[in-house]
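What follows is one structure encoded as structure tokens, with my remarks underneath.
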Number of protein chains: 2
Amino acid sequence: MPQQTVANFAEVRALLPALPGPDLAASASASARESQLTKPPGALGRLEELTQWLCAWQARHPPRLDHPRVAVFAGNHGVAARGVSAYPAEVTKQMVANFISGGAAINQLCKALDADLRVYEMSLDTPTADFTSGPAMSEADCAHAMAYGMMAVEPGIDILSLGEMGIANTTSAAAICHALHGGAARDWVGPGTGVAGEGLARKTAAVEAGVKANRAALGDPLKILAALGGREIAAIVGAILAARLARTPVMLDGYTSTAAGAVLHALEPGLLDHCQVGHCSAEPAHAQLCARIGKQPVVNLGMRLGEGTGAALAVMILRGAVACHTGMATFAEAGVSGKEK
Amino acid sequence: MPQQTVANFAEVRALLPALPGPDLAASASASARESQLTKPPGALGRLEELTQWLCAWQARHPPRLDHPRVAVFAGNHGVAARGVSAYPAEVTKQMVANFISGGAAINQLCKALDADLRVYEMSLDTPTADFTSGPAMSEADCAHAMAYGMMAVEPGIDILSLGEMGIANTTSAAAICHALHGGAARDWVGPGTGVAGEGLARKTAAVEAGVKANRAALGDPLKILAALGGREIAAIVGAILAARLARTPVMLDGYTSTAAGAVLHALEPGLLDHCQVGHCSAEPAHAQLCARIGKQPVVNLGMRLGEGTGAALAVMILRGAVACHTGMATFAEAGVSGKEK
């Protein structure tokens, strides 16, 4: 597979017809084996569904989960200057240094998973424009960020978890959701890293102003992404598309990562079929967003850290699912009696 | 610590005053470190709470999770003859053979976790008495099974997951719950391995008849356990107590394992403080039972297999929690700016 790239939205749209669907034969093989394993039919619940999904999108049976990758994209946001976060904007860069030196939560989870962690730093010294007075990015900048995200997909990755870091990016995520799904700005705004009171009011006002200032983008999900997103969010959109082309299943993380997915879902709902949402974030709008895009998060642990941490935990569960599916004995192998009648 | 044993319920009751409480100093150390780690306060949600709980009940900080054990107790039930399960009673023994040869779901999860799996087969050729016409076990038999369960606790175990196998044991679990918590028999009865229609009606009738036939036991949780439980359920009760004595935290599994815990909770609610419920089972009464005993399951994946499978998945999450807590850098170490203001 040649490395994919895009320079503008026309090139993004041109990719869509080429995206592969699920491998129904692999999925049927998974289902056939599942019914022979030594357990009552369906007794592994969601694990069985996840295994089948993995086979469909890895296009193989048995599934493999030996090489998980976690890609974390980091970007800075002009809207951070509006006082929408509990932390100063320099924390984005400091946290990237922390990822690189191995001190963040996602480093520990990747070590536990034996997952390959990649950190993608995206022009942190040049934040996107403040979207309350116009688009955060031009079309070319947005497409460039998407192309950058596509690089996270390489051959041999069994599942790609997509996380992010970026002070103010739940403000950006909220603005995207508000633009895509309507309602009131406050329906999509939450504490993020921990704003409350006046900070939360400023955040809500910024989301409202952002959508008003970018009316021209409404109705076109890619234009919404450029207008209200950030580079790390655009990169996640690109990575999701490239993963689909490469038949690499995707584990989304929390609110910001799912908002990136929601852009593709708005473009065409099937574009997210190779993606799961790893966890339900404590960010209040995340559950609602998941419902809108038809996803049921794998775990719900009240987390709101980003970095791909919720996705990594979900991959642990997925690994358990694959271990059961591939390692269990069948009724015939184990000499266990089947269901009566 | 000498190996604990009990020969009757008076000896069980005599143990209770000696059971240790949480180590508040270890828990405070966990909380103090948590607040310095490079993430917004509380951003790891349930993971932070689980780490603190683990420290309190391991009585140490930092916590360790290098040596998890999964203990699976297997027992046969006289009430199985009433046609309450979708599978014949010989499956209990066949599944034990499957555990021993490594073919069951729990074997694969233990391998993934590098957990020590112990299988305890409990007089499978001699089922307990059919509780629809009197007690399933005598007090001495029940205490003997509890003492057997206590043997699953040995020095050096960082967390003990408690699972079970026993055709008809969700009928037994439902009868215990009905006896402990009242309501109607049908409130506590579900499909188990997959009964529906007439099978489900027979199961509900058996639970109703069991509680009626054992009225003399009502009001005393240990007598309820003997009257309506099974050996594997009594063994789990014993293991929970022995784990408390040994300062070993416990991960309960699904409906049957939690019903065992509910016996102790009824005796004294604090007896379950060193236990978490690993998953919310698809067995409909499990969520209700967890609410009654004040437990929030760690994951909810629609599973209903038993064997400790849901507990093992929860231990994976817990291991992620411990990895974050022990491995992350502090704000000072990483040079990351704290919250503004």
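Nothing here was measured: the structure is a model prediction, and the numbers come from that model. Convention: sequence-line order gives letters A, B, ...; per-chain numbering from 1.
- Looking at every heavy atom in both residues, B/A334 comes nearest to A/N98 through CB-OD1, 3.5 Å.
- At most 12 non-hydrogen atoms from other residues, nucleotides or ligands lie less than 6.0 angstrom from CZ of B/R82.
- Between chain A and the residues B/G310, B/G302, B/C324, the largest count of heavy-atom pairs under 4.5 Å involves B/C324.
- Contacts between A/V299 and chain B at a heavy-atom distance below 4.5 Å involve the side chain alone, from C-beta outward.
- One N or O on the side chain of A/Q94 and one on the backbone of B/S337 form a donor-acceptor pair closer than 3.5 Å.
- Atom CD1 of A/I317 is separated from atom CE of B/M316 by 7.0 Å, given to the nearest 0.5 angstrom.
- Most heavy-atom pairs under 4.5 Å with chain A: of the set B/L109, B/N300, B/V322, this distinction falls to B/L109.
- Environment of CG in A/D114: sparse, with no more than 12 heavy atoms of neighbouring residues, nucleotides or ligands closer than 6.0 Å.
- The residue among A/R319, A/M95, A/K93 with the most heavy atom pairs within less than 4.5 Å of chain B is A/M95.
- Contact of B/A105 with chain A is made through backbone and side chain together, with heavy-atom distances under 4.5 Å.
- Your options are A/G42, A/A282, A/A97, A/S101, and the one with the most heavy-atom pairs under 4.5 Å with chain B is A/G42.
- Residue B/Y87 comes nearest to A/P41 through the heavy atom pair OH-CD, 3.3 Å, listed as atom of the first residue, atom of the second, then distance.
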Test side-chain contact (heavy atoms from CB on, under 4.5 Å) applied to A/M328 and B/Q108, step by step: CA-CA 7 Å; A/M328 282 177 74; B/Q108 319 318 315; 3.9 Å; yes
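- Of the atoms belonging to A/T193, heavy atoms from both backbone and side chain fall under 4.5 Å from chain B.
- Residue B/S85 touches chain A through its backbone alone, counting heavy-atom pairs closer than 4.5 Å.
- Top candidate by heavy-atom pairs under 4.5 Å with chain A, chosen from B/G45, B/A329, B/P40, is B/P40.
- Considering CG of B/L301 and CD of A/E48, their distance stands at 11.5 Å, rounded to 0.5 Å.
- Among B/G192, B/A112, B/P88, B/G199, the residue with the largest count of heavy-atom pairs under 4.5 Å with chain A is B/P88.
- Ranked by heavy-atom pairs under 4.5 Å with chain A, the list B/L313, B/T309, B/I106 is led by B/L313.
- In this structure, the portions of B/R304 lying under 4.5 Å from any heavy atom of chain A include both its backbone and its side chain.
- Interface residue B/V298: backbone and side-chain heavy atoms are both found under 4.5 Å from chain A.
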Between A/V336 and B/V91, does a side-chain contact (heavy atoms from CB on, under 4.5 Å) hold up when you go through it step by step? CA-CA 6 Å; A/V336 173; B/V91 165; 4.1 Å; yes
